[in-house]
Peer 1: 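Submitted below is the structure of interest, expressed as structure tokens.
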Amino acid sequence: MASENMSSEIPTEETLNDNENEEVSDISSTVQKGEDEGTAEVSKKKKKKNKSKKKKDPLKQTEPPSIPVIELFPSGEFPEGEIQQYKDANLWRTTSEEKRELERLENPMYNSVRQAAEVHRQVRKYIRSILKPGMLMTDLCETLENTVRKLISENGLQAGIAFPTGCSLNWVAAHWTPNTGDKTVLQYDDVMKLDFGTHIDGRIVDCAFTVAFNPMFDPLLEASREATNTGIKESGIDVRLCDVGAAIQEVMESYEVEINGKVFQVKSIRNLNGHSVGRYQIHAGKSVPIVKGGEQTKMEEGEFFAIETFASTGKGYVREDLECSHYMKNFDVGHIPLRLPRAKQLLATINKNFSTLAFCRRYLDRLGETKYLMALKNLCDSGIVQPYPPLCDVKGSYVSQFEHTVLLRPTCKEVISRGDDY
């Protein structure tokens, strides 16, 4: 009996094969499971990696604008203005390696002024979208200026508004902004010159355009816009200022405009000019005439110029009139002793907040200054501060203006403030 039992417990070849197959099957399923888990883990890691690699969408400006321009350009490089080549004798500059090297050295400064220009473009785009008849001029100016302060990240004298917002109406050509309490309202038949400036580190962008809701004024606006573009085209290194003025006048006075059934020959305002622009100095010494017969002085490499033209249906000559709002500390003024303590105090406020940049009475009010008119007059009488009253043609006439800031780079001309609008 014992031998029978032993023989029945010995596995057959068939049984061995079945057991082997089961073991292999178990091992392979375990391996497969491990592989699947490993693949899933790798897949998860890849997904995580891809997720982290996914680039953030670039910031876009809000409506109304509120994001500082520097945040919209994280590289810190701001867009170039419109590039124009020099003409004739200066064409060699385009390919000169020496001149290109000069530009590379100046690039940080160029970038500062381009940042100011980008702020100008974004602010004026927004303001154009909200302009309409019935707006209080004070509200318009304060909306514009507060938008500049946000977008330029205002920082004392390092970044901010370069001069008060000019919003001169009709026969008033320049230098008018509402004083506190002014109730002037923008009308459908008004022709408004909107002239405002931005600056980074004292590098000023001076740029202006004209708004008219009534299409009757379109030819008047076109006259100054095309005259300004002509002035820009004619500008260049070693170009005489008088030649620029002659070219501007020729284009300007080729226009006429019909207003309420009466045809007017458009005139260049002969005692208003464009000007060179310096650091913290809006008028740096050279004038760009807008009529023929001006000075023989030449434009020079590296200079900034505000090319601006004024088209008028009046006499084509302005005089000072109306209540003054614009003031500016004289650039070259030395120490002048003051007797009035209030004048000394006001001068300290001006030095701290504006230095030699222009300001207006609204800006002093905003800083908390009160009862300062006597002290301000004292500073003007002493020659420390210069008043800039509104400049007016004859009452009943209309004036339009366009302006751009141009940089005469060593290799080309850059219209710093050019935008899609003008």
Side-chain angles (χ1 to χ4, degrees), residues 53-83 107-167 177 186 192-213 225 228 277 304 306 357 362-363 366 402-407 414-422:
K53 272 188 178 178
K54 192 180 178 187
K55 287 182 182 176
K56 288 183 181 176
D57 289 334
L59 268 179
K60 288 185 180 176
Q61 189 54 272
T62 56
E63 189 65 37
S66 62
I67 301 173
V69 159
I70 199 160
E71 291 180 24
L72 300 176
F73 295 89
S75 67
E77 292 294 315
F78 297 93
E80 270 188 335
E82 179 194 40
I83 302 299
N107 196 58
M109 182 268 283
Y110 295 168
N111 200 45
S112 291
V113 77
R114 285 170 188 156
Q115 182 182 351
E118 183 59 26
V119 171
H120 200 287
R121 280 188 286 271
Q122 292 196 17
V123 171
R124 71 190 192 228
K125 180 184 177 185
Y126 170 60
I127 291 300
R128 278 176 176 275
S129 74
I130 63 167
L131 274 175
K132 58 184 179 182
M135 288 185 82
L136 196 65
M137 298 299 277
T138 302
D139 292 345
L140 167 62
C141 290
E142 289 183 353
T143 299
L144 186 153
E145 290 159 359
N146 286 334
T147 308
V148 170
R149 290 182 180 110
K150 279 181 199 165
L151 299 200
I152 209 161
S153 305
E154 188 178 39
N155 179 23
L157 292 171
Q158 273 66 60
I161 296 167
F163 52 84
T165 305
C167 49
T177 199
L186 186 61
M192 177 178 66
K193 283 69 65 185
L194 206 50
D195 188 351
F196 70 99
T198 55
H199 84 93
I200 297 285
D201 200 27
R203 302 291 176 186
I204 299 170
V205 169
D206 186 0
C207 185
F209 61 98
T210 299
V211 175
F213 303 106
R225 183 168 52 244
T228 296
V277 180
F304 286 89
L357 296 172
R362 278 188 298 106
Y363 292 2
R366 185 173 178 269
F402 279 85
E403 176 180 25
H404 275 299
T405 298
V406 178
L407 166 59
E414 184 174 346
V415 189
I416 294 283
S417 51
R418 181 74 81 191
D420 295 334
D421 46 357
Y422 64 93

Peer 1: Shortest non-hydrogen contact from V69 to F78?
Peer 2: CG1-CE2, 3.5 Å

Peer 1: Report yes or no: does Q61 contribute a side-chain atom to a donor-acceptor pair with the main-chain N or O of S66 at less than 3.5 Å?
Peer 2: yes

Peer 1: Start with the C-alpha distance between L144 and L194, add both sets of side-chain angles, then the distance that settles side-chain contact (heavy atoms from CB on, under 4.5 Å), and finish with yes or no.
Peer 2: CA-CA 10 Å; L144 186 153; L194 206 50; 4.1 Å; yes

Peer 1: Distance from T165 atom OG1 to E145 atom CD, nearest 0.5 Å?
Peer 2: 3.5 Å

Peer 1: State whether the side chain of T228 and the backbone N or O of F402 hold a donor-acceptor pair below 3.5 Å, judged by distance alone.
Peer 2: yes

Peer 1: Hey, could you give me the CG/CD distance between L72 and Q122, rounded to the nearest 0.5 Å?
Peer 2: 5.5 Å

Peer 1: Enter the distance from D201:CG to N111:CG here, rounded to the nearest 0.5 Å.
Peer 2: 12.0 Å

Peer 1: Should we say atom CD1 of I70 is surrounded by more than 12 heavy atoms from elsewhere, each under 6.0 Å from it?
Peer 2: no

Peer 1: Minimum heavy-atom separation for A116 and T198, please, with both atom names.
Peer 2: O-OG1, 2.8 Å

Peer 1: Of all the heavy-atom pairs spanning C207 and D195, show the shortest one and how long it is.
Peer 2: O-OD1, 3.6 Å

Peer 1: To the closest 0.5 Å, what do you measure between CD1 (I416) and CD (E80)?
Peer 2: 8.5 Å

Peer 1: Test your reading of the model: is there a side-chain donor-acceptor pair from S417 to the backbone of T405, 3.5 Å cut-off?
Peer 2: yes

Peer 1: How about I204 and L357: do any of their side-chain heavy atoms sit closer than 4.5 Å?
Peer 2: yes

Peer 1: Are side-chain N/O atoms of N146 and R149 paired as donor and acceptor at under 3.5 Å?
Peer 2: yes

Peer 1: Do any pairs count as a ring-ring contact (aromatic ring centres under 6.0 Å, His included) and have a residue in residues 120-146, sequence neighbours left out, and if so which ones?
Peer 2: H120-F196

Peer 1: Under the side-chain contact (heavy atoms from CB on, under 4.5 Å) criterion, do Q115 and R203 qualify, and how do the steps go?
Peer 2: CA-CA 10 Å; Q115 182 182 351; R203 302 291 176 186; over 6 Å; no

Peer 1: Are the side chain of E154 and the backbone N or O of G160 linked by a donor-acceptor pair below 3.5 Å?
Peer 2: no

Peer 1: Distance from M192 atom CE to L186 atom CG, nearest 0.5 Å?
Peer 2: 5.0 Å

Peer 1: What about Y422 and H404, are their ring centers closer than 6.0 Å?
Peer 2: yes

Peer 1: Can you name the nearest heavy-atom pair linking A159 to I200, along with the distance?
Peer 2: CB-CD1, 3.8 Å

Peer 1: Shortest non-hydrogen contact from I152 to H199?
Peer 2: CD1-O, 3.3 Å

Peer 1: Does the side chain of P79 reach to within under 4.5 Å of the side chain of E118, using non-hydrogen atoms?
Peer 2: yes

Peer 1: Step by step, work out the side-chain contact (heavy atoms from CB on, under 4.5 Å) result for D206 and F304.
Peer 2: CA-CA 10 Å; D206 186 0; F304 286 89; over 6 Å; no

Peer 1: How many angstroms lie between atom CD of E71 and atom CG of L151, to the nearest 0.5 angstrom?
Peer 2: 10.5 Å

Peer 1: Please report the shortest heavy-atom distance between S129 and E63, naming the atom on each side.
Peer 2: OG-OE2, 4.1 Å

Peer 1: Within 45 degrees of the axis of the six-membered ring of F73 and under 6.0 Å from its centre: does R114 put its NZ or CZ there?
Peer 2: no

Peer 1: Answer yes or no: is there a donor N or O on one side and an acceptor on the other, between the side chain of D421 and the main chain of K125, under 3.5 Å?
Peer 2: no

Peer 1: Is the closest side-chain heavy-atom distance between M135 and T143 below 4.5 Å?
Peer 2: no

